[in-house]
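Below you'll find the structure, written out as structure tokens, and then a few comments.
Being a predicted model, the structure only gives us computed values, none of them experimental.
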Amino acid sequence: QFTAGTKFFVQADDGVRLWVNGVLVIDRWGPNPAMVDVASAKLPLTAGTMNTIRLEMRQGSGRSGQARLYWSNSSLPKSIIPGSQLFPT
């Protein structure tokens, strides 16, 4: 196990909020341009430890809303968090 500075990126076309372990780390609730990296946050996470992640999005005007959550660290290139790493609560 090791602790790594993990960077989270949110790509969205409208407002988003991201909490990690109950702490609000990204708060971009206003309108955003279509599907760009809205914000990022870097946090120390320990391998083998479960962390809670909550992503909220707000859809403004337009058709359908989209949001994507990515992560990266020193040994992981920026990629969408795979479903195998997410567990329902």
Given 3.5 Å as the limit, does a donor-acceptor pair link the side chain of Asp14 with the main chain of Ala12, or not? no
Distance in Å, Arg54 CZ paired with Leu24 CG, rounded so as to fall on 0.5 Å steps: 8.5 Å
Interatomic distance, Trp19 atom CH2 to Asp27 atom CG [nearest 0.5 angstrom]: 7.0 Å
Just by distance, with hydrogens left out, do Ser75 and Asn73 show a side-chain donor and acceptor under 3.5 Å apart? yes
For Arg58 and Trp29, indicate whether the former's side chain and the latter's backbone hold a donor-acceptor pair under 3.5 Å. yes
Does some side-chain heavy atom of Leu69 sit less than 4.5 Å from a side-chain heavy atom of Phe8? yes
Between NZ of Lys7 and OG of Ser74, what distance do you get to the nearest 0.5 Å? 13.0 Å
CD1-CD distance between Ile26 and Glu56, expressed to the nearest 0.5 angstrom: 13.0 Å
Can you tell me how far the CG atom of Leu45 sits from the CD1 atom of Ile53, to the nearest 0.5 Å? 7.5 Å
Between Leu18 and Leu55, is any pair of side-chain heavy atoms under 4.5 Å apart? yes
Residue pair Trp71 / Pro82, side-chain heavy-atom distance below 4.5 Å: yes
Might you point out which heavy atoms bring Thr52 and Gly22 nearest each other, and give the distance in Å? OG1-N, 3.7 Å
